[in-house]
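In this chain, numbering begins with 1 at the start of the sequence shown. The model shown is predicted, which means the values in this text are computed figures rather than measured ones.
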Amino acid sequence: MDSVRFGRVLGIGARLAAKTVVSAVDAATTPNPSAEAKARQSAEAGSASASTAPGITASAMASGNQGGARVPLGQRAARTTAQVRQTGRGLKEGSRRFGEAVWGPFVKVSGALWLELTGVFFGIFAVFGSVNAWKMRGALHETSANHDEHVRLLIAAAMAAVFGYFCVSSFVKANRRSRG
């Protein structure tokens, strides 16, 4: 991969990661509209409970039940448990989405970079094999005197071909991954 293409891939990944972080920060700093309603409801419940009889609970006031009946402890515990579970699920889903948004572009760029790096190493081995094959090109035609050199020539040519294929296929996969 040339330096211009590497810079372009790295720049695109950095810009996508920065945009994701900015949108996540904006979403995190936006005030929750339901929190305002809850604060108003709890303030009303606090002022109402101070002016009511001690036997009436705030949840009974909110439901309009002022006959002195209390909400059973089991119902309050079930409601609180359900709220905790819902909050936990929301936090889990939000953290999963944030992780995908932040790490997705990074994984894509790093995967393409890894494929190109392995392609370079395969290319080095392919060049090494082709240089050795070129040095032994005199042993192309096998005779009884140069049998061992002819075998080395064939091994070097096979090594150059195999590692050349791995090099080219690695760069092709990196190109597909960076585009798709």
Engineer: How far does CD1 of I155 sit from NE2 of H150, to the nearest 0.5 angstrom?
Structural biologist: 10.5 Å

Engineer: Between CD of E93 and CG of L91, what distance do you get to the nearest 0.5 Å?
Structural biologist: 10.5 Å

Engineer: With clusters defined by side-chain heavy atoms of hydrophobic residues (ILVMFWY) lying less than 4.5 Å apart, directly or transitively, does V168 cluster with F122?
Structural biologist: no

Engineer: Can you tell if the side chain of L113 reaches within under 4.5 Å of the side chain of V9, non-hydrogen atoms only?
Structural biologist: no

Engineer: What heavy-atom pair brings A77 and T81 nearest, and what distance separates the two atoms?
Structural biologist: O-OG1, 2.7 Å

Engineer: Evaluate the criterion side chain to side chain contact (heavy atoms under 4.5 Å, CB included) for residue pair S178 and R5; output intermediate values, then yes/no.
Structural biologist: CA-CA 10 Å; S178 66; R5 182 174 162 96; 2.9 Å; yes

Engineer: At their closest point, which heavy atom of A156 faces which heavy atom of A133, and how far apart are they?
Structural biologist: CB-N, 3.8 Å

Engineer: Check for me, please, whether L154 and L140 land in the same ILVMFWY cluster - side-chain distances under 4.5 Å, paths through other members count.
Structural biologist: no

Engineer: Taking all heavy atoms of C167 and all of G119, pick out the closest pair and write down the distance.
Structural biologist: SG-O, 3.2 Å

Engineer: Between F171 and V120, does a side chain to side chain contact (heavy atoms under 4.5 Å, CB included) hold up when you go through it step by step?
Structural biologist: CA-CA 9 Å; F171 277 103; V120 167; 3.9 Å; yes

Engineer: Counting only heavy atoms not in R137 (residues, nucleotides, ligands), do more than 12 fall under 6.0 Å from its CZ?
Structural biologist: yes

Engineer: Hey, is CD on Q86 packed in by over 12 heavy atoms from elsewhere, all under 6.0 Å?
Structural biologist: no

Engineer: Group every Ile, Leu, Val, Met, Phe, Trp and Tyr by side-chain heavy-atom contacts under 4.5 Å, then state whether I12 and F106 land in the same group.
Structural biologist: no

Engineer: Tell me whether the count of non-hydrogen atoms from other residues, nucleotides or ligands lying under 6.0 Å of CZ in R96 goes above 12.
Structural biologist: yes

Engineer: Distance-only, no hydrogens or angles: does the S170 side chain make a donor-acceptor pair with backbone N or O of L115 under 3.5 Å?
Structural biologist: yes

Engineer: Atom CZ in F128, atom CE in M159: separation rounded to 0.5 Å?
Structural biologist: 5.5 Å

Engineer: Rounded to the nearest 0.5 Å, how far does CG of L153 lie from NZ of K135?
Structural biologist: 13.5 Å

Engineer: So which atom in M136 and which in E149 form the shortest heavy-atom distance, rounded to 0.1 Å?
Structural biologist: SD-O, 4.2 Å

Engineer: Checking the side chain of N146 only, and the main-chain atoms of H141 only, is there a donor and an acceptor separated by less than 3.5 Å?
Structural biologist: yes

Engineer: Determine whether F163 and Y165 fall in the same hydrophobic cluster, where Ile, Leu, Val, Met, Phe, Trp and Tyr are linked whenever their side-chain heavy atoms lie under 4.5 Å apart.
Structural biologist: yes

Engineer: Roughly how far apart are F125 CZ and S130 OG, rounded to 0.5 Å?
Structural biologist: 13.0 Å

Engineer: Looking at OG1 of T118 and NZ of K173, how far apart are the two atoms once the value is rounded to the nearest 0.5 Å?
Structural biologist: 9.0 Å

